[in-house]
Every structure is written in structure tokens, then in C-alpha cells.
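Working notes, beginning with the structure itself.
Computation of the quantities below employed the complete heavy-atom set of this structure, encompassing side-chain atoms and omitting hydrogens, waters and symmetry-equivalent molecules.
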Amino acid sequence: MITAVIFDMDGVIADSEYFNVKAKHLILKQAGIEVDWHYHDKFLGTTHEYMWTEMKKEFESLDKEVSYYIDQWVKTRKELINQEGLKPMPGVVDLIRILKEKGFHLAVASSY
């Protein structure tokens, strides 16, 4: 019998992917790099280090350390969330309420 549910945060509870992509898009643009919005799809589910390492290989104008781009990305993402507000995924609030009412143990797992 299932007695607990573990949720991932990004894309399951929080509709955060937009902010992840927009922050990355803005940083690339500041470096003079224009990419299609769907360019970022290939990095879904990967680590920040992998993502920026691969983009540094692809774009010569990303000439700083990977850690610099990760820090900038996190900072930009937080600024965007503060400006625009993070919203829950459709239906998740009701689902959590129902699971809690039925006595399920709930937890959140995230890489952040």
C-alpha cells in the first residue's frame, strides 16, 4: 500500500522552467549569443555544471569559468522570480490538499 508521495519541485510543484530558460537566455544574450528558445530543451534534467560546460564548448564568447555562469544564472533566475512571481503547476495545489486529507505523507525532493 502506498502511504507517501515524493514530489520534485521544478516542473511538478513549481512552474519554474520558464525562469530557468529565461535567465539562461538573458545571460547568453549579454554575451552576444542569440539562440532559439527551444535551444534550451537539450539541457532539461541536466546539472547546471553540465549545461554551462557544454555551452562554453559551443560558444567561444563564454570565456569565464563555469562557476561564474552558474552564479549569474542563479542570481538572474531569482531576480526574475522576485519580479514576476513563481506559480504552482496547474492542479498541484488541489492534488496536495487531497493527498494530505487522505493521510498521505508528503515530501519534496529537489536538486536545489
- Task: Starting from V21, walk the hydrophobic network (Ile, Leu, Val, Met, Phe, Trp, Tyr; side-chain heavy atoms closer than 4.5 Å) and list everyone else you reach, by chain and number.
- Result: Y18, F19, L26, W37, L80, I81, L86

- Query: What distance do F59 atom CZ and W52 atom CH2 have between them, rounded to the nearest 0.5 Å?
  - Reply: 9.5 Å

- Task: Hey, could you give me the NZ/CG distance between K56 and D63, rounded to the nearest 0.5 Å?
- Result: 6.5 Å

- Kindly compute the distance separating CD (Q72) from OH (Y68), expressed to the nearest 0.5 Å. 4.0 Å

- Are K42 and D36 close enough, and set up right, to give a salt bridge (Lys or Arg N to Asp or Glu O under 4.0 Å), and what steps lead you there? CA-CA 12 Å; K42 66 183 175 180; D36 181 82; over 6 Å; no

- Do L44 and W73 belong to the same hydrophobic cluster, where Ile, Leu, Val, Met, Phe, Trp and Tyr are linked whenever their side-chain heavy atoms lie under 4.5 Å apart, directly or via other members? no

- Item | Test item: M55 and F43 side chains (from C-beta on) under 4.5 Å apart, heavy atoms | yes

- Query: I33 versus E58: any side-chain heavy-atom pair under 4.5 Å?
  - Reply: no

- Query: Within a strict 4.5 Å, meaning less than it, do heavy atoms of the L28 and H40 side chains meet?
  - Reply: yes

- Note on the structure: When rounded to the nearest 0.5 Å, the distance separating CD1 of I6 from CG of D8 is 11.0 Å

- Query: Do D15 and P88 come close enough that some side-chain heavy atom pair is under 4.5 Å?
  - Reply: no

- Under 3.5 Å: donor-acceptor pair, side chain of S16, backbone of D10: no

- Between the CD1 atom in I70 and the CD atom in E65, the distance rounded to the nearest 0.5 Å is 10.5 Å

- Message: Can you tell me how far apart NE2 (H48) and NZ (K24) are? Round to the nearest 0.5 Å.
- Response: 10.0 Å

- Under a 4.5 Å cut-off applied to non-hydrogen side-chain atoms, are F104 and K100 in contact? no

- Message: For residues I98 and I2: do they belong to one hydrophobic cluster (side chain heavy atoms under 4.5 Å, members Ile, Leu, Val, Met, Phe, Trp, Tyr)?
- Response: no

- Message: According to side-chain hydrogen bond (donor to acceptor under 3.5 Å, both in side chains), who are the partners of D41, at least two apart in sequence or on a separate chain?
- Response: H38

- Item | side-chain hydrogen bond (donor to acceptor under 3.5 Å, both in side chains) assessment of Y39 paired with E34 | CA-CA 10 Å; Y39 165 81; E34 295 282 341; over 6 Å; no

- Message: Assess whether a salt bridge exists between K78 and E84, defined as any Lys/Arg side-chain N lying under 4.0 Å from an Asp/Glu carboxylate O.
- Response: no

- Check whether the side chains of N20 and E17 place a donor and an acceptor atom closer than 3.5 Å, and report yes or no. yes

- Would you say V12 and M89 make side-chain contact, with heavy atoms under 4.5 Å? no

- Could you tell me whether the side chain of I27 reaches within less than 4.5 Å of the side chain of Y69, counting heavy atoms only? yes

- Any residue meeting side-chain hydrogen bond (donor to acceptor under 3.5 Å, both in side chains) with T76, in chain and number order, not counting sequence neighbours: none

- So does E101 have more than 12 non-hydrogen atoms from other groups sitting under 6.0 Å from CD? yes

